[in-house]
Amino acid sequence: MISTTQRYPRWRQVVLDTPGTRGLAEFYRELLGFEYRPGDEPPAPGEPDPRGEDWLTLEDPRGAAAIAFQQVDKLPTTTWPQEGVAQQYHLDLDVPALADLLAQHERVLALGATLRYDRSGDPQEPLRVYADPSGHLFCIFVSGERASEPASDPASQPASRSQD
């Protein structure tokens with residue numbers, strides 16, 4: 001039994017290895033509407049990056065989550081759903097309605113993701129699984145938990161893309 005004075009670790013963030021930290025951070029910034037942690041913002045065009053790009057962090061402006069990106073030289077690409085290199089893990093993202101799932105599809109592809117698995121026609125839990133530009137898998141599914149939200153959730157609208 002855990003004593004009342006013992007504390008549990010707090011979930012901080014998920015960290016994705018990638019050979020391109022800035023590019024993958026930009027992908028998820030656009031996809032999720034997250035913001036750079038102070039000091040991790042991209043430099044002005046033509047300026048060197050004083051922070052470097054070995055580690056970058058994005059934060060949810062609502063304070064719910066964070067995602068970090070760690071520079072690596074090589075990253076094996078999962079072959080899921082085919083045999084070979086296992087999925088290893090994936091990120092779950094949800095939307096409140098099928099219309100939102102369908103609206104996100106073109107946006108996600110335009111950001112650089114690749115469709116790996118399509119179960120959008122499933123009447124119980126429609127979903128699609130994508131690989132991000134570094135090959136990490138994430139799925140977007142319709143969640144009954146969010147069914148009361150309007151289909152015009154701001155996350156279903158394309159974000160304006162800033163030029164780096």
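Reckoned from all heavy atoms, side chains included, excluding hydrogens, waters and symmetry mates.
Residues Arg22 and Pro43 have side chains in contact (heavy-atom distance under 4.5 Å, counting atoms from C-beta outward). Proximity of Pro38 to Glu59: side-chain heavy atoms (C-beta onward) are separated by under 4.5 Å at one or more points. Side-chain contact between Tyr117 and Leu137 is absent, with no heavy atoms from C-beta onward closer than 4.5 Å. Put simply, the side chain of Asp132 does not reach to within 4.5 Å of the side chain of Leu31, judged on heavy atoms. For the pair Ser134/Leu16, no side-chain contact is recorded, criterion being any heavy-atom separation below 4.5 Å from C-beta on. Side chains of Leu93 and Leu32 form a contact here, defined as non-hydrogen atoms less than 4.5 Å apart. Using a 4.5 Å heavy-atom threshold, the side chains of Thr78 and His90 count as separate. No side-chain heavy atom of His105 sits under 4.5 Å from any side-chain heavy atom of Ser120.
Taking both residues in full, the closest heavy atoms of Pro96 and Asp100 are given as CG-OD2, 3.4 Å, listed atom of the first, atom of the second, then distance. Between Arg128 and Leu101, the closest heavy-atom pair is NH1-O, 4.1 Å. In this structure, Ala25 and Leu58 approach most closely via the heavy-atom pair O-CD1, 3.2 Å. Considering all non-hydrogen atoms of both residues, Thr18 and Leu75 come closest at CA-CD2, 4.4 Å.
In this structure, the separation between CG on Leu56 and CD on Gln70 is 11.0 Å, given to the nearest 0.5 Å. The CD atom of Gln13 lies 13.0 Å from the CG atom of Asp60; values are rounded to the nearest 0.5 Å.
In the hydrophobic clustering of ILVMFWY residues, with side-chain heavy atoms under 4.5 Å counting as a link, Ile140 and Val129 come out apart.
Between Phe138 and Tyr130, the ring planes lie parallel to each other; the angle is under 30°, not in the 30° to 60° tilted range.
Qualifying salt bridge (Lys or Arg N to Asp or Glu O under 4.0 Å) partners for Glu125, counting only residues two or more places apart in sequence or in other chains: Arg119.
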